Amino acid sequence: YGAEKIKTIGDGYMVAVGIPEPREDHAEVAARLSLKMLEMFAEIRSEIDAPIQLRIGVHTGPAIAGVIGERKFAYDIWGTTVNIAS
C-alpha cells in the first residue's frame, strides 16, 4: 500500500501515506489499507477464537515531520491531523 510505518506506541501502530513522498491518492490508499487491516484482523480473530478488537483512526491534512533525538534518532510526525486520527 505504500504506507510508511512511523512508530509503535504500546499496542498502537502509526502509519502515514504520502510521507515522505507526497501522493495525490493518499486518502484513498489509507482507506483501502484500513479496510484490508480490518479484513485480516477478522480472520485472525476467528482463527484464534479470541475477543480481540482493532480500532483505526484516519485523518488527512497537514502535519509536521522530522527526526528527533541526539543519541537515538527517531522519525516522527506531529499536528492536529495526527491528533484527530489517534
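Note that this is a predicted model, so its numbers are computed, not measured. Just so you know, residue 1 is the first one in the sequence shown, and it goes up from there.
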For the hydrophobic clusters of this structure (ILVMFWY residues joined by side-chain heavy atoms under 4.5 Å, transitively), does one cluster hold both Val15 and Met40? no

Sort and list the pairs that fulfil salt bridge (Lys or Arg N to Asp or Glu O under 4.0 Å) and have at least one residue in residues 59-69, not counting sequence neighbours. none

Could you tabulate the donor-acceptor pairs under 3.5 Å formed by side-chain atoms of residues 60-85, not counting sequence neighbours?
| from | atom 1 | to | atom 2 | distance (Å) |
| --- | --- | --- | --- | --- |
| Asp76 | OD1 | Lys7 | NZ | 3.3 |
| Asp76 | OD2 | Lys7 | NZ | 2.9 |
| Thr81 | OG1 | Pro62 | O | 2.7 |

Assigning hydrophobic clusters by single linkage (Ile, Leu, Val, Met, Phe, Trp, Tyr; side-chain heavy-atom cutoff under 4.5 Å), is Phe41 placed with Met14? no

When the side chains of residues 50-59 are checked against the rest of the protein, which donor-acceptor pairs come out under 3.5 Å, sequence neighbours left out?
none

According to salt bridge (charged side-chain N to carboxylate O under 4.0 Å, His left out), who are the partners of Arg32, at least two apart in sequence or on a separate chain? Glu28

Can you find a pair of side-chain heavy atoms, one from Glu47 and one from Asp49, that are under 4.5 Å apart? no

Taking salt bridge (charged side-chain N to carboxylate O under 4.0 Å, His left out) as the definition, give me every residue that meets it alongside Glu39, ordered by chain and number, with sequence neighbours left out. Lys36

Does anything in residues 16-27 form a salt bridge (Lys or Arg N to Asp or Glu O under 4.0 Å)? List the pairs, not counting sequence neighbours. Arg23-Asp25

